[in-house]
Amino acid sequence: MIILGINAYHANASAAILVDGELVAAIEEERLNRVKYAAGLPARAIRCCLEAAGVTLNEVDHIAVPRDPWARLGTKLRFAVRMPRFALDRVRVMRRFSGIREDLANAFEMDPHQIRATFHCIEHHTAHMASAYFVSPFDSAAVLSADGLGDFASAMWAVGNGPRMQILGEVTFPHSLGMFYTALTQYLGFWKFGDEYKVMGLAACGQPEFLDEFRRIVHVDHGMAFRLGLDYFSHQTEGPEMTWRDADRTPVLGRLFSPYLEKRLGPTRKEGEPLGPRHHNLAASMQAALEEVMISLWNTLAEKTRQKALCLAGGVAFNCVANGRIFSQTPFQRVFVQPAAGDAGLSVGAAFHVAHQLLQRPRQFVMEHAYWGPAFSASQIREAVDRFEMPADDVRLSELQEGPLLESTARAIAEGKIVGWYQGAAEWGPRALGNRSILADPRRAEMKEILNRRIKHREAFRPFAPSIAEEATGDYFQETHPSPFMTFAYPVRPEKRSVIPAPTHVDGTARLQTVSRSANPLYWKLLRKFGELTGVPVVLNTSFNDNEPIVCRPEEALSCFLRTQMDVLVLGNLFLEKKASSAPLGEPTEGIAQRTA
Ligand SMILES: [Fe+2]
């Protein structure tokens with residue numbers, strides 16, 4: 001039984017394939033066509049999935065598409081009368097969906113009738129929830145999806161029991177936690193699609209001075225229902241308009257807030273205007289308001305379902321700061337967050353929904369890691385290096401066995417070098433989780449500034465994340481629940497904040513990745529080796545890219561290595577070091593204290 005999930009025709013296009021109930025591959029189109037947040041038909045991702053499963057398109061039994069034109073038709077029609085332009089745009093998208101069989105046939109140079117798969121339209125939030133619950137390790141759980149908007153709803157919740165999910169409720173347009181966060185992100189001068197995580201980072205710099213006002217902007221109504229103060233927004237009258245930038249084909253979301261928001265909170269921050277305490281406090285107030293609502297929703301959901309496990313998906317589930325508070329603020333004891341919690345994850349969710357809810361197949365798969373993208377063999381990697389004609393005067397190349405490879409890599413990181421770490425299959429979801437990562441020494445406070453200056457060019461307020469050997473989590477963090485997909489931020493233990501200053505944010509938290517031996521043996525061994533050398537089984541882990549989608553093929557890793565000031569590239573078992581790499585920075589004081597302690 002082969003099920004192909006396809007998220008198409010809007011941002012974060014992706015594909016996923018299931019063979020006999022097991023996920024075989026899942027990949028976002030942006031990693032392959034190199035267009036950030038790529039939309040359209042993800043033909044490359046589909047091809048990649050089919051290759052991984054060793055099948056052709058005409059062998060696929062079911063195709064699951066996460067969009068249901070019939071869902072909430074009454075609400076859609078009501079708003080269509082008020083917002084004709086938005087309605088027309090929706091009709092255009094629906095037309096594209098109805099032509100997906102023909103588009104697929106064109107892309108794969110087939111006759112549409114050769115595609116013998118049954119097509120299924122799965123409602124947006126149902127697919128989000130399925131992407132979390134059906135791949136979670138839980139036999140039963142409460143499930144929550146929250147995002148900007150999908151099929152005219154912004155949130156949905158359910159209880160999962162074995163191979164079934166029972167939907168318990170929903171919040172429909174125009175009330176939306178995602179829209180709330182995006183509108184305020186825009187107000188704070190961050191207009192790029194997907195900039196919300198920047199404001200989440202900024203929030204830690206301020207105090208929630210404006211929380212009372214923000215409680216008017218968003219609040220819990222009763223039970224699971226939340227409401228926006230609609231006077232502050234414009235999307236309910238003008239529609240959330242999405243256009244595509246000509247230059248780089250990235251999405252642009254139109255303005256979501258109204259003049260009333262500016263009247264109440266003051267003028268918007270112009271893009272590029274320096275950030276001051278007022279902006280910090282606005283961001284902190286927005287984050288605090290979101291957390292208040294989320295904590296209330298989680299508690300109500302726990303009460304309604306009597307479940308101890310929670311599954312999360314939808315863009316709001318990327319709010320790792322809020323997620324980090326679940327264990328101290330709610331009765332939930334175990335939480336699974338889909339690593340591709342945004343719309344990319346819909347391809348996985350739609351496919352699993354078909355497998356279990358529609359075809360009534362038993363559950364057998366647990367997403368224990370996120371390495372579902374393309375992988376390249378040692379010979380493919382070697383060929384890529386040879387094709388690159390590495391300048392022998394500038395780069396020293398050696399082929400190493402696993403032991404020496406780990407030793408050399410850990411030593412380079414400990415010496416303060418910036419290391420590109422490229423191994424195995426590419427990650428599913430927006431986080432680099434130790435297969436397409438740039439690694440650095442977390443013990444050096446200056447490392448954040450060095451990484452930004454030499455490679456990442458990010459805003460100074462944005463934190464970098466740590467990876468930690470899972471068994472050491474409690475030694476460094478105040479929470480110990482695993483965070484394998486970097487979806488929780490926990491307070492760093494006060495006595496460890498000076499030990500790992502680089503990935504510790506200004507508020508003393510860090511958005512950690514816990515690495516288990518079973519999920520990623522090689523990366524886990526690297527963390528252990530670094531721990532042996534320094535006493536600290538933690539590295540700073542940031543995505544392997546330079547203002548582009550995360551690298552996928554070895555050629556992209558090589559190109560990034562050569563055009564940036566990265567010192568070392570570990571490409572499979574090849575160790576490449578620039579001869580003119582920056583001199584070792586000397587030992588960090590805290591690191592020495594750790595090792596001799
Ligand atoms: Fe969504």
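Bear in mind that the values here come from a model prediction, so they are computed numbers and not experimental data. Indexing begins at 1, ligand by ligand and atom by atom, following the structure's order.
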Trace of the side chain to side chain contact (heavy atoms under 4.5 Å, CB included) decision for R431 with F485: CA-CA 7 Å; R431 304 275 100 85; F485 307 134; over 6 Å; no
The Fe ion (ligand 1) reached by H124 (N, O or S, under 2.8 Å):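 Looking at H124, which is the residue asked about, there is an N, O or S atom under 2.8 Å from the Fe ion (ligand 1).
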Side-chain heavy-atom pair Y181, V316 within 4.5 angstrom cut-off: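 Counting from C-beta outward, Y181 and V316 never come under 4.5 Å.
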Distance-only donor-acceptor check, side chains N7 and S14, under 3.5 Å: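 No, S14 and N7 have no side-chain donor paired with an acceptor closer than 3.5 Å.
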Donor-acceptor pair between Y133 and R164 side chains, under 3.5 angstrom: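 On atom types as modelled, these side chains do not qualify, holding no pair under 3.5 Å.
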Name of whichever N/O/S atom of D343 is nearest to the Fe ion (ligand 1):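 Closest N, O or S atom of D343 to the Fe ion (ligand 1): OD1.
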Atom of D147 closest to the Fe ion (ligand 1), considering N, O or S atoms: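 Within D147, restricted to N, O or S, the Fe ion (ligand 1) is closest to atom OD2.
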